[in-house]
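Structure, as structure tokens:
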Amino acid sequence: MQTLEPPKLENITLYYREGSSDKVYQCGIESAGPRFVVNFAYGRRGSTMNTGTKTNVPVDYDSAKRIFDKL
């Protein structure tokens, strides 16, 4: 019997700081049942983040990974 290992979900956090600008960008692949979504958040460090999704409906892992890599 072969056990399938679930794909490794990915997350990244990026920081940008120059002058008075201090920003945070986050992106991640998250499980949505058997499929996946790509969500993001961005904003000024320490304040409320703006959030959204790059996938209107859950997609297979390969599609989610391509969207994640493109961001």
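Along the sequence shown, residues carry numbers from 1. These numbers come from a predicted model, not from an experiment.
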#### Entry: By side-chain hydrogen bond (donor to acceptor under 3.5 Å, both in side chains) - contacts of Tyr16 (at least two apart)
Glu18

### Task
Answer yes if Leu9 and Val37 sit in the same cluster of Ile, Leu, Val, Met, Phe, Trp and Tyr residues linked by side chain heavy atoms under 4.5 Å apart, and no otherwise.
no

### Selection residues 50-61 - residue pairs positive for salt bridge (charged side-chain N to carboxylate O under 4.0 Å, His left out), sequence neighbours left out
none

Which atom pairs, donor and acceptor, lie under 3.5 Å between side-chain atoms of residues 26-36 and protein residues at least two apart or in another chain?
unit_1, atom_1, unit_2, atom_2, d
Glu30, OE1, Asn39, ND2, 3.2
Ser31, OG, Gly33, O, 3.2
Arg35, NE, Pro58, O, 3.3

Would you tabulate the side-chain donor-acceptor contacts of residues 42-51 under 3.5 Å, counting partners in other chains and residues two or more places apart, or write 'none'?
unit_1, atom_1, unit_2, atom_2, d
Arg44, NH1, Ser20, O, 3.3
Arg44, NH2, Ser20, O, 3.0
Arg45, NE, Asp22, OD1, 3.0
Arg45, NE, Asp22, OD2, 3.4
Arg45, NH2, Asp22, OD1, 3.1
Ser47, OG, Arg44, O, 2.8

### Query
Hey, are the side chains of Leu14 and Val24 touching, using non-hydrogen atoms and a 4.5 Å cut-off?
no

### Query
When clusters are formed by joining ILVMFWY residues with side-chain heavy atoms under 4.5 Å apart, either directly or through shared neighbours, do Tyr61 and Phe40 land in the same one?
yes

Enumerate, atom names and distances included, each donor-acceptor pair closer than 3.5 Å involving a side-chain atom of residues 64-71, sequence neighbours excluded.
unit_1, atom_1, unit_2, atom_2, d
Lys65, NZ, Glu10, OE1, 3.4
Lys65, NZ, Glu10, OE2, 2.9
Lys65, NZ, Asp69, OD1, 2.8
Lys65, NZ, Asp69, OD2, 3.3
Arg66, NH2, Ser63, OG, 3.2

